Amino acid sequence: MADEATRVMADETALHLRRISKQYEGVTVLRDIELEIAAGQVHALLGGNGAGKSTVVKIMSGVIPPDPGGSMSLWGKQISLPVSKAYENGLAVIHQDLGLLDNMTVLENMGVSSHYGARILGRISMRSERRLCEELLAEMHLDVSPDQLVSTLSPAVRAGIAIARARRVMREYSDKYLFVLDEPTAYLDARESEAVMRLMRKVADSGCAVMFISHHLKEVMDTADHISVLRDGRVADSFPAGAGDKNRIITAMLGRELVEPYPEVRPIAGGATRLDVRGLSGQVVRDVSFEVRAGEILGFAGLVGMGHEELPYLVAGSGAATQGTISVDGTDISSMSIRERVSAGIALVPGNRQRDGVWPDGTAEENVVLTATVAGRRKSLNRRGERRSAATLLARFGVKPPDPARLAIQYSGGNQQKIVLAKWLSMGPRIVVLDEPTQGVDVGAKFDVLSEIAATAAAGGAVLMSSGDYEQLAAMCHRVLVLRHGRVVAELHGRSLSETTIAAAVHG
Amino acid sequence: MIVRSEEETVPAEQSAGRHGRRMGGHSALLGFVERYGLLLLLVVECVVFSLLLPDTFATVGNFKSMASAQAITLLLTVALALPLRGGEFDLSIAGLMTASGAVTAVLLSNGVSLVVGIAAGLGLGLVVGFVNTGLIVRLGVDSFVTTLGMSTALGGLAYAVSDSTVVVNLPEGLLALGREQFFGLQSVVWIGWGIALVAWYVFEFTPFGRYLLFVGGSPGSARLAGIRVNAVRTAAFMACSLIAAFAGVLLIGNVGQMDPSIGSQFLLQPFAGVFLGATAITVGRVNILGAIIALYVLEVGITGLQLMGAQPWVSDVFNGTALVVAVTLSLLAARSRRRA
């Protein structure tokens, strides 16, 4: 993976962490972390939700102090802990949201972290700003105009701009940079993720070092030179990419071998048509028709903006359909409100968990019993009954810890998703519509989540699943429809259904 | 977002088992102090002032007068708590109270029947609620700015209606509504407590009370769960306006006259009460019990200081400071709950 040039520089160490530990209120979060990243290296940091990845990053960037006893060096220089001003020593953390100002131009974004090269009330020299911006864009091989609005750019280019901006801040102090990217691809489709991966490769090949956090094992295997896996606050495994495969990562993450990464999906039991969609159109979706039988899991795939991500919301009624009919067990629900569709048995597990899935300040109990509360039409709440059913649900869906009084926001992403699933699947839905059901969910929790989905289908529900994870679609679905420009361009099932055929149809 | 918060939660996740069940995840003692700290403060205030001022503060008469003085404010606090629980401001309550009081007073002093006069005041509440929801809920205008403008306009309207004079000679029936004594306390006090009791029940024991929180905290997921988000917000604003208008009617019945300049002094305490109240009982959430306790903490504090000879301006300083402290504390409380 690393070419000649990088191999020459590889003996230079970008980052070296030794014996980094962290306790919170007597609970050990990190224990004796050892981590070494070479110049020119793309280093992947993996681990389940709560394994300690973000804590490591926060200690590296100085957001939180480590416990005494450890040490850290950047580009060969010993750093005094806790870290202050990491960027002066050539370390920049690029957060998942990138911190770009969407409604401003590339030029304006580029200078925002460095006062546009002027004193706080000094005059900004637009000419030198522009020159600098163009220089940075060229260094990163980014083909965009400085005057373009950031909101119009693709995710990978935006990531590039965030890196260029960090570079600008750091170059006053040093010419060696380590970039840490926190889940840069979590919300991107396959093609955009690949673009981000290529970008990281380019950055690393120019002599910098890159560390990134990811849940996508495939992109990790494709891009990383070195892989470190955290589990329970320790480095469970760390190896050059050539020395291990996916299974080695999964084993390190889980502490055991995951025999079958996907749950068994039962064949359709010859059930009747549950959901019948005819000529459905929405914002992007154009004239789409399909049927889903009881017990069937139907998948939707496509590139971002091609319509597969809109379909779940059209069926659930939160997106407005412009044409077409939707029938559930023979009853036309096209003109029903969301509320009526919920009572007709349609459950939507949305893609944006933080915004649409959970109520962060509500307790696990309040979140999980919500559908029952809405459906109940009771004048007053049955608090005791709620507590009991919440406790049962949290246990059944494997939410950890199963504490009904805990706030949703205090749970990890995977557990929040289990809460959302519990909320919807507990109402015994006839139709379950899912948008990226395992987004931001670690491998162990992913299996639990998918098992519940398979169980719902086995119990006679009709399941619709939209996802950019082709492997998951191939493993879980009986059939997959691929959309392009809002229309169905391929229907894959049986032998024609695999990760590669989906990818081929999507990009075809 | 997801990842950044996830690992912060690790310590509490592991320590959760040790402390048993509670909202949020503090130690049991800390949780108790947090929940009942405000109540404790109220008790301490009463004890301290009683010891310092045995002849003036520690009298039945003083406690009765404090209760009466806070009755109208209590109503406004309950009114304000409705939209605030749903994450929206309503600053128009004080202006609306004055305007509805003025409308009712002018009609009644001109010989209109009691029922029609009161209905007109409440009707104004419905109209204002309707306009507020039209702008805020339907169109999506910012609630803070909308209701700030509304409050000022209504305050002006009160002057216009009353011809910038103090309206007197109100009918006996209205005065009875505001002043009649039951079990030693004025009717306004009982009405205030009654409405607060209803609001407490609605907040804590009905789906509506929970939907308000849900709609304020996560409108997206509330909508997808089948909650009629706009209907819930509309109901909150309408109920708020209606209660505020009713407060206006009670106010003139209690005071016995209508002074159009009276409204401004009623806005701050409800806000301080609701925000300070959100730091107690159900910590981090707008709740009625907390708000009532907070209101009495303010009243007892101010009364005590004034009885000790403090100047009248003390109450403004006290209330204003309390509001700032209250919002800060409620923010910190919410944050620590999220973190823990």
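Every value quoted in this text rests on a predicted model; they were computed, and no experiment measured them. All chains are named by letter (A, B, ...) in the order of the sequence lines, taking the proteins before the strands, and each is independently numbered beginning at 1.
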Quick check on A:V93 against chain B: is it the side chain, the backbone, both or neither that has a heavy atom closer than 4.5 Å? neither

Report the option among A:V342, A:L370, A:I64, A:V63 that has the most heavy-atom pairs separated by less than 4.5 Å from atoms of chain B. A:L370

Which answer fits B:Y211, side chain, backbone, both or neither, if we ask what part of it has an atom under 4.5 Å from a heavy atom of chain A? side chain

With a 3.5 Å cut-off and no angle check, do the side chains of A:S343 and A:E340 form a donor-acceptor pair? no

Closest heavy-atom pair, A:K22 versus A:P65, reported as atoms and distance to 0.1 Å, is NZ-O, 2.8 Å

Given a strict heavy-atom distance threshold of 4.5 Å, which part of A:E386 is in contact with chain B: side chain, backbone, both, or neither? side chain

When only pairs under 4.5 Å are counted, which of B:G217, B:P219, B:S221 shares the most heavy-atom pairs with chain A? B:S221

Do NZ/NE/NH1/NH2 and the carboxylate oxygens of B:E204 and B:R210 come within less than 4.0 Å? no

Could you list the residues that satisfy ring-ring contact (aromatic ring centres under 6.0 Å, His included) with A:W359, not counting sequence neighbours? B:F214

Kindly assign one of parallel, tilted or perpendicular to the pair B:F89 and B:F275, based on the angle between their ring planes and the thresholds 30° and 60°. tilted

Residue from B:L39, B:V43, B:L42 passing side-chain contact (heavy atoms from CB on, under 4.5 Å) with B:V297: B:L42

Please classify the contact between A:V358 and chain B as side chain, backbone, both or neither, with a heavy-atom cut-off of under 4.5 Å. backbone

Below 4.5 Å from any heavy atom of chain B, which atoms of A:S318 appear? Answer side chain, backbone, both or neither. both

